[in-house]
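Have a look at the structure that comes next, please.
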Amino acid sequence: MSHFINGFLISAGLIMAIGAQNALVLKQGLLRQHVWLVVLLCWLCDVVLMTLGVFGLRALLSGSPKLSGALALAGGLFLLAYGAMSAKRAWQGGNYLTVDTENHIPPSALKIAATTLALTLLNPHVYIDTVVLIGGSAANLDQTAKQFFLVGAISASGLWFSGLGFGSRLLLPLFRREQVWQLLDSLIALVMFYLAFGLFKQAFNALI
């Protein structure tokens with residue numbers, strides 16, 4: 001049971017960081033558009049990547065410092081660019097989310113699915129979290145313990161995305177205000193810059 005709890009807590013700590021994926025889940029929850037689809041895809045991606053990390057892919061990365069360094073560098077660049085875009089939105093304003101959908105044509109499920117998969121799988125940082133960090137945390141466990149650890153990790157992921165997607169509706173009145181979105185974009189930018197700095201340090205240590 002302790003391995004389940006450890007997996008749950010480690011996964012929860014990593015997944016709660018504000019990022020492009022969580023922002024999308026929050027946005028679709030506020031708009032009430034294809035929420036189940038977005039939540040399910042985010043969770044399934046975590047299930048696949050965490051499983052790969054816990055049961056072996058992390059060993060491949062740990063055996064290749066150059067590959068790990070390149071992955072960290074790519075992740076840092078991605079987060080730096082995303083943070084810059086968030087900072088720009090926060091500074092300019094006016095680009096807040098319109099949650100009034102009466103006169104708004106919602107995007108198709110296919111487009112939302114493609115966006116969700118792109119923000120998830122094209123973000124190198126997701127591999128750092130799921131494969132390297134979560135996989136590394138389970139590296140010294142036996143097979144049975146790894147199974148409990150993995151179930152805990154994917155349970156945290158499922159609960160988080162479900163809560164964020166469907167619970168965001170309770171925050172609807174708050175997020176109708178432009179200033180709130182500017183504050184959210186500012187927070188996203190700061191977190192992305194902080195994470196990018198950490199990844200650049202990892203890349204420097206691995207590649208230099």
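None of these values were measured; they are calculated from a predicted model. Both backbone and side-chain heavy atoms feed into the values below; hydrogens, waters and symmetry mates do not.
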Would you name the heavy atoms of Val39 and Gly165 that are closest together and state the gap between them?
->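 Heavy-atom minimum between the residues: CG2-CA, 4.3 Å.
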
Determine the minimum heavy-atom distance between Leu37 and Ala113, stating which atoms define it.
->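 In terms of heavy atoms, the two residues are closest at CD2-CB, 4.0 Å.
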
Does one hydrophobic cluster hold both Leu30 and Leu183, with members joined at side-chain heavy-atom distances below 4.5 Å?
->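 Not linked; separate clusters.
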
Report the residues that fulfil ring pair (Phe, Tyr, Trp, His ring centres under 6.0 Å) with Phe166, sequence neighbours left out, ordered by chain and then residue number.
->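 If we apply the ring pair (Phe, Tyr, Trp, His ring centres under 6.0 Å) test to Phe166, skipping adjacent residues, the hits are Trp36.
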
Report the residues that fulfil side chain to side chain contact (heavy atoms under 4.5 Å, CB included) with Ala114, sequence neighbours left out, ordered by chain and then residue number.
->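 Per chain and number, Ala114 pairs via side chain to side chain contact (heavy atoms under 4.5 Å, CB included) with no residue.
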
Would you please name every residue forming a side chain to side chain contact (heavy atoms under 4.5 Å, CB included) with Leu40, sequence neighbours left out?
->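 With sequence neighbours excluded, Leu40 shows a side chain to side chain contact (heavy atoms under 4.5 Å, CB included) to Trp43, Leu44, given in chain and number order.
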
Gln21 CD to Leu26 CG distance, which is reported to the nearest 0.5 Å =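 Rounded to the nearest 0.5 Å, the CD-CG separation comes to 12.5 Å.
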
What heavy-atom pair brings Val126 and Thr120 nearest, and what distance separates the two atoms?
->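 Residues Val126 and Thr120, closest heavy atoms: CG1-O, 3.1 Å.
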
With Thr116 via side chain to side chain donor-acceptor pair (under 3.5 Å) - residues at least two apart |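 Thr116 satisfies side chain to side chain donor-acceptor pair (under 3.5 Å) with no residue once adjacent residues are dropped.
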
What pair of heavy atoms forms the shortest contact from Asp46 to Phe161, and how long is it?
->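 Heavy atoms of Asp46 and Phe161 come nearest at OD2-CE1, 3.4 Å.
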
What residues, two or more places apart in sequence or in another chain, satisfy side chain to side chain contact (heavy atoms under 4.5 Å, CB included) together with Leu117?
->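 Partners of Leu117 by the side chain to side chain contact (heavy atoms under 4.5 Å, CB included) criterion, ordered by chain and then number, come out as Leu41, Cys45, Leu121.
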
Kindly write out the residues that satisfy side chain to side chain contact (heavy atoms under 4.5 Å, CB included) with Ser186, not counting sequence neighbours, or none if the list is empty.
->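 With neighbours one apart ignored, the set is Ala90.
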
Using modelled atom types only, decide if a donor and an acceptor are shared between the side chain of Ser162 and the backbone of Leu159 within a distance under 3.5 Å.
->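 Looks like no, no N/O pair under 3.5 Å.
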
Pairwise distance OG1(Thr51) to CD(Gln147) - rounded to 0.5 angstrom |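 Those atoms lie 10.5 Å apart.
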
Non-hydrogen atoms of Gly29 and Val35 that approach each other most closely =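 For Gly29 versus Val35, the nearest heavy atoms are CA-CG2, 4.0 Å.
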
Roughly how far, to the nearest 0.5 Å, is CG of Leu80 from CE of Met85?
->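 Result: 10.5 Å between the selected atoms.
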
To the nearest 0.5 angstrom, please state how far the CG atom of Leu164 sits from the CD atom of Gln28.
->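 So the CG of Leu164 and the CD of Gln28 are separated by 11.5 Å.
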
Do Met50 and Leu150 touch side chain to side chain, with heavy atoms closer than 4.5 Å?
->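 Met50 reaches Leu150 side chain to side chain.
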
Measure across Val131 and Leu49 and return the closest heavy-atom pair with its distance rounded to 0.1 Å.
->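 So the minimum-distance heavy-atom pair works out to CG2-O, 3.8 Å.
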
Gap separating the CZ atom of Phe148 from the CG atom of Asn6, nearest 0.5 angstrom =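 Those atoms lie 13.0 Å apart.
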
side-chain contact (heavy atoms from CB on, under 4.5 Å) assessment of Val25 paired with Trp160 | CA-CA 10 Å; Val25 176; Trp160 170 253; over 6 Å; no

If you measure from CZ on Phe193 to CZ on Phe200, what distance do you get to the nearest 0.5 Å?
->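 With rounding to 0.5 Å, CZ (Phe193) is 10.5 Å from CZ (Phe200).
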
